[in-house]
*Asks:* 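First the structure, which I've put down as structure tokens, then a few questions once you've had a look.
Computed from a predicted structure; not experimentally measured. For the numbers below, each heavy atom of this structure counts, side chains included, while hydrogens, waters and symmetry mates do not. Remember, it's 1-based here, ligands and their atoms both numbered in the order they're listed.
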Amino acid sequence: MAGIIDGKAIAAKIKEGLMSEVERFKRERNITPGLSVILVGDNPASRIYVKNKGRACEEVGIRSTQHTLPAQTTRKELLDLISALNGDPSVHAILVQLPLPSRLDTHEVLEAISPEKDVDGFHPYNVGRLVCGRPAFIPCTPKGIMRLIDSTGVTLSGQEAVVLGRSNVVGKPTAFMLLQRDVTVTVCHSKTRGLPEKILSADIVVAAIGRPEFVKGKWIKPGAIVIDVGINRTERGLAGDVEFGAAKERASYITPVPGGVGPMTIAMLLSNTVEAAKRAENFL
Ligand code: NAP
């Protein structure tokens, strides 16, 4: 039976550390790290995510400001706001909550954020740094996934991993981070053939597809580490992408949903924000 990786507890510990770093920053330099979050439109899930991010900032002492723009906001209005925040020295970090309304070009908007303030790590500069093995800002969910895998104490070098999902937000950056740690990585997606066999050969499985309990317990190699990124709302409540009950009988370690990757994503956003402020203020 697998050990449960308690993302909530690990995230709480990280937040404690950040809280004392923020305190030291204020005490020694009279500077409060600042995060600005931009929300366009009224997607209910996005509104909850933004609220949770604001609350988490408050918990550790980061100053967070929220810019809520109407759904009909023009490209120019949004780009002007980002430009103003780029130039505001009290704003160390900027996050545009996705998804944006479809008439706005997400790539253009993300590229408008100054790479030094891009705490989501989605700007092509930061993506390029990650791919080159010289990361600057690493996207929050993949960074959290790596922390969870490392919490098991398992040596990664030489292990085989399957990353299920190839999004820019989760799958691709996670694959590059694992590769950077000398893991042999197979990235799978909706056109991949023979998925069960591929997963069955993996020492590490990262499931990020958004399909409730898609990965069956019998596909898990005995002793594998299973990281379940999926958040799926079902009639029975929240479910991950992995059939948790059966998978935990075979895995060595597994993350629950909720309480696994989710809390780590927010903790890593806070961590990137403090990092951005430290770099901008040359505070070591
Ligand atoms: P996404 O952009 O929709 O990407 C989904 C990926 O899964 C795509 O690469 C897609 O393949 C692949 N896929 C879909 N159905 C598949 C199937 N039947 N077999 C194999 N691959 C399949 O999703 P995302 O943003 O990466 O998020 C994935 C999940 O993680 C969602 O449930 C999301 O809510 C969750 N999530 C959680 C957190 C957290 O903090 N816990 C953060 C981000 C995301 P194609 O590329 O071929 O279409």
*Asks:* My understanding is that we take every heavy atom of each candidate and find the minimum distance to atom 16 (C) of ligand 1. Doing that for Gly260, Ser190, Pro258, which one comes out nearest?
*Replies:* Ser190
*Asks:* Checking the N or O distance criterion of under 3.5 Å, is ligand 1 in contact with Val170?
*Replies:*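 There is no such contact.
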*Asks:* With nothing but distance in play, are any N or O atoms of Thr265 less than 3.5 Å from an N or O of ligand 1?
*Replies:*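 Indeed, backbone or side chain, Thr265 has an N or O that close.
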*Asks:* Give me the nearest non-hydrogen protein atom to atom 14 (C) of ligand 1 as residue plus atom name, then the distance to 0.1 Å.
*Replies:*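 Atom 14 (C) of ligand 1 sits closest to the protein heavy atom Arg211 NH2, 3.7 Å.
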*Asks:* Thr141 heavy atoms, cut-off 4.0 Å: which ligand 1 atoms fall inside?
*Replies:*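 Ligand 1 atoms under the 4.0 Å threshold to Thr141: 40 (O), 42 (C), 43 (C).
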*Asks:* Going only through I, L, V, M, F, W and Y residues with side-chain contacts under 4.5 Å, is there a path from Phe283 to Val60?
*Replies:*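 Different clusters: Phe283 never reaches Val60 through Ile, Leu, Val, Met, Phe, Trp or Tyr contacts under 4.5 Å.
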*Asks:* Would you please name every residue forming a side-chain hydrogen bond (donor to acceptor under 3.5 Å, both in side chains) with Asn86, sequence neighbours left out?
*Replies:*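 Result, side-chain hydrogen bond (donor to acceptor under 3.5 Å, both in side chains) vs Asn86: none returned.
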*Asks:* I'd like to check whether Asp241 has a polar contact with ligand 1, where a contact means an N/O of the residue lying under 3.5 Å from an N/O of the ligand.
*Replies:* no
*Asks:* Does NZ or CZ of Arg129 come closer than 6.0 Å to the centre of the six-membered ring of Phe137, within 45° of the ring's axis?
*Replies:*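 Negative - Arg129 is either too far from the ring of Phe137 or too far off its axis.
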*Asks:* Closer than 3.5 angstrom, by distance alone: can the side chain of Asp203 be matched with the main-chain N or O of Gln159 as a donor-acceptor pair?
*Replies:*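 No: the side chain of Asp203 does not pair with the backbone of Gln159.
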*Asks:* Give the numbers and elements of all ligand 1 atoms closer than 4.0 Å to a heavy atom of Gly262.
*Replies:*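 Answer, ordered by atom number: 40 (O), 41 (N).
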*Asks:* Got the closest protein heavy atom to atom 12 (C) of ligand 1, with its distance?
*Replies:* Ile209 CG2, 3.7 Å
*Asks:* Who are the side-chain hydrogen bond (donor to acceptor under 3.5 Å, both in side chains) partners of Glu77, not counting sequence neighbours?
*Replies:* Thr74
*Asks:* For ligand 1, which atoms sit closer than 4.0 Å to a heavy atom of Gly165?
*Replies:* 6 (C), 7 (O), 9 (O)
*Asks:* Same cluster for Leu104 and Leu81 if Ile/Leu/Val/Met/Phe/Trp/Tyr side chains link at under 4.5 Å?
*Replies:*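 Linked, Leu104 and Leu81 end up in one cluster.
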*Asks:* Looking at non-hydrogen atoms alone, which of Ile231, Thr174, Val187 comes nearest to atom 41 (N) of ligand 1?
*Replies:*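 Answer by nearest heavy atom: Ile231.
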*Asks:* For Thr192, state whether at least one heavy atom is located under 4.0 Å from any atom of ligand 1.
*Replies:* no
*Asks:* If we ignore angles and hydrogens, is there a donor and acceptor under 3.5 Å between the side chains of Thr234 and Asn232?
*Replies:*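 No donor-acceptor contact under 3.5 Å links the two side chains.
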